[in-house]
Amino acid sequence: MPLRLVAIGDSTVEGVEDPGPDGVYIGWADRFACHLDAMHPGLLYANLAVRGETAREVRETQLRPALALAPDFAVVVAGVNDVLRPKLDRDALREDLCAMHAELAATGARVLTFTMPDMTRVAPLAVVLRRRLQFLNAVTLECRERYGSIVVDLASASAASHPALWHTDRLHANSEGHRRIAAALAEALG
């Protein structure tokens, strides 16, 4: 029986700013699926991510379909859109992220995610978001401790915030950044 991978989240997961030869976005999730397929030929993969969605919206619109696919591996990356809003509801963000990790892990899926790097090297004005991103990262690390999620800690890797890995919009990785995120997730799985 082939292994199954599902990815849920926002534009980061969708692959925005990583265009393929036909102009359709590829993204790190698709690239990660290719790594897994090389190790487990016949991998079944679905990317349910929708740009602009908050963690609550991801939970409400993507979690049930993801669970229905009975994944062996699930990638969950959400919360940046919450951080960018004028008012951040920290309790709701924590509840939504923990619920997604918990429900997927309860099915036996290996849940993967990553922390967000310090964006001030790419966008100096991001200093105003530093505490919010630190909170998001703390919740992500909490999910590792509580649910056994595999977390690639990009926040602790200074290279992850190098401007050469980011698109000019300063919100999304460029193609090289997407490639490196996929490789880091694959390495985290061994």
Side-chain angles (χ1 to χ4, degrees), residues 1-20 24-83 93 96-117 136-137 139-140 143-144 147-154 160 165 167 171-190:
M1 184 171 175
L3 290 179
R4 297 172 185 215
L5 166 66
V6 67
I8 62 174
D10 53 29
S11 60
T12 302
V13 182
E14 186 182 344
V16 170
E17 304 308 348
D18 183 21
V24 174
Y25 291 131
I26 302 170
W28 59 260
D30 291 7
R31 292 170 185 273
F32 175 61
C34 290
H35 284 287
L36 274 183
D37 188 54
M39 306 233 359
H40 304 282
L43 175 80
L44 299 174
Y45 166 60
N47 187 333
L48 306 177
V50 177
R51 70 186 74 183
E53 289 201 345
T54 63
R56 172 65 43 94
E57 291 166 331
V58 172
R59 181 180 177 190
E60 290 176 348
T61 65
Q62 298 174 37
L63 180 60
R64 291 287 160 246
L67 291 166
L69 294 171
D72 298 288
F73 301 99
V75 179
V76 178
V77 178
V80 172
N81 289 316
D82 301 76
V83 166
L93 176 57
D96 291 327
L97 286 175
C98 287
M100 288 187 278
H101 282 257
E103 289 187 49
L104 286 161
T107 70
R110 293 298 316 261
V111 182
L112 296 99
T113 191
F114 53 83
T115 57
M116 296 297 156
L136 174 60
N137 289 340
V139 173
T140 301
C143 289
R144 177 178 64 194
Y147 312 112
S149 300
I150 296 170
V151 177
V152 173
D153 192 6
L154 297 180
L165 301 178
H167 186 267
L171 288 175
H172 301 96
N174 61 23
S175 293
E176 180 61 16
H178 281 278
R179 189 190 67 72
R180 289 186 185 207
I181 292 167
L185 287 167
E187 184 179 342
L189 275 182

Check whether any side-chain N or O of [X] sits under 3.5 Å from a backbone N or O of [Y] as a donor-acceptor pair, and report yes or no.
| X | Y | answer |
| --- | --- | --- |
| Thr54 | Asp82 | no |
| His178 | Ala29 | no |
| Asp153 | Thr115 | no |
| Asp72 | Arg4 | yes |

Could you tell me whether the side chain of [Y] reaches within less than 4.5 Å of the side chain of [X], counting heavy atoms only?
| X | Y | answer |
| --- | --- | --- |
| Pro2 | Leu43 | no |
| Glu17 | Tyr25 | yes |
| Asn47 | Val13 | yes |
| Val50 | Thr61 | no |
| Glu103 | Arg64 | yes |
| Phe114 | Thr12 | yes |
| Val58 | Leu63 | no |
| Asp18 | Arg31 | yes |

Heavy atoms of other groups near Arg179 CZ, more than 12 under 6.0 Å: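 Counting neighbours around CZ of Arg179, more than 12 heavy atoms of other residues, nucleotides or ligands fall under 6.0 Å, so yes.
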
Restricting to non-hydrogen atoms, name the atom on [X] and the atom on [Y] that form the minimum distance, rounded to 0.1 Å.
| X | Y | value |
| --- | --- | --- |
| Gly52 | Glu57 | O-OE1, 3.8 Å |
| Pro71 | Ala74 | CG-CB, 4.4 Å |
| Cys98 | Val139 | SG-CG1, 4.4 Å |
| Asp37 | Gly42 | OD1-N, 2.9 Å |
| Leu136 | Ala78 | CD1-O, 3.7 Å |
| Leu93 | Gly79 | CD1-CA, 3.8 Å |

Worked verdict on His35 versus Leu189 for side-chain contact (heavy atoms from CB on, under 4.5 Å): CA-CA 10 Å; His35 284 287; Leu189 275 182; over 6 Å; no

Steps toward side-chain contact (heavy atoms from CB on, under 4.5 Å) verdict (Tyr147, Val111): CA-CA 9 Å; Tyr147 312 112; Val111 182; over 6 Å; no

Parallel, tilted or perpendicular: ring planes of His40 versus Phe73, cut at 30 and 60 degrees: tilted

Can you tell me how far [atom2] of [Y] sits from [atom1] of [X], rounded to the nearest 0.5 angstrom?
| X | Y | atom1 | atom2 | answer |
| --- | --- | --- | --- | --- |
| Leu44 | Leu36 | CG | CG | 12.0 Å |
| Arg56 | Leu97 | CZ | CG | 10.5 Å |
| Leu185 | Leu112 | CG | CG | 6.0 Å |
| Glu176 | Ile181 | CD | CD1 | 10.5 Å |
| Leu69 | Thr107 | CG | OG1 | 11.0 Å |
| Met116 | Leu154 | CE | CG | 8.0 Å |

Positive for side chain to side chain contact (heavy atoms under 4.5 Å, CB included) with Gln62, one of Leu48, Val76, Leu67: Leu48

Note: Arg59-Glu53 ion pair, threshold 4.0 Å (strictly below):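 No.
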
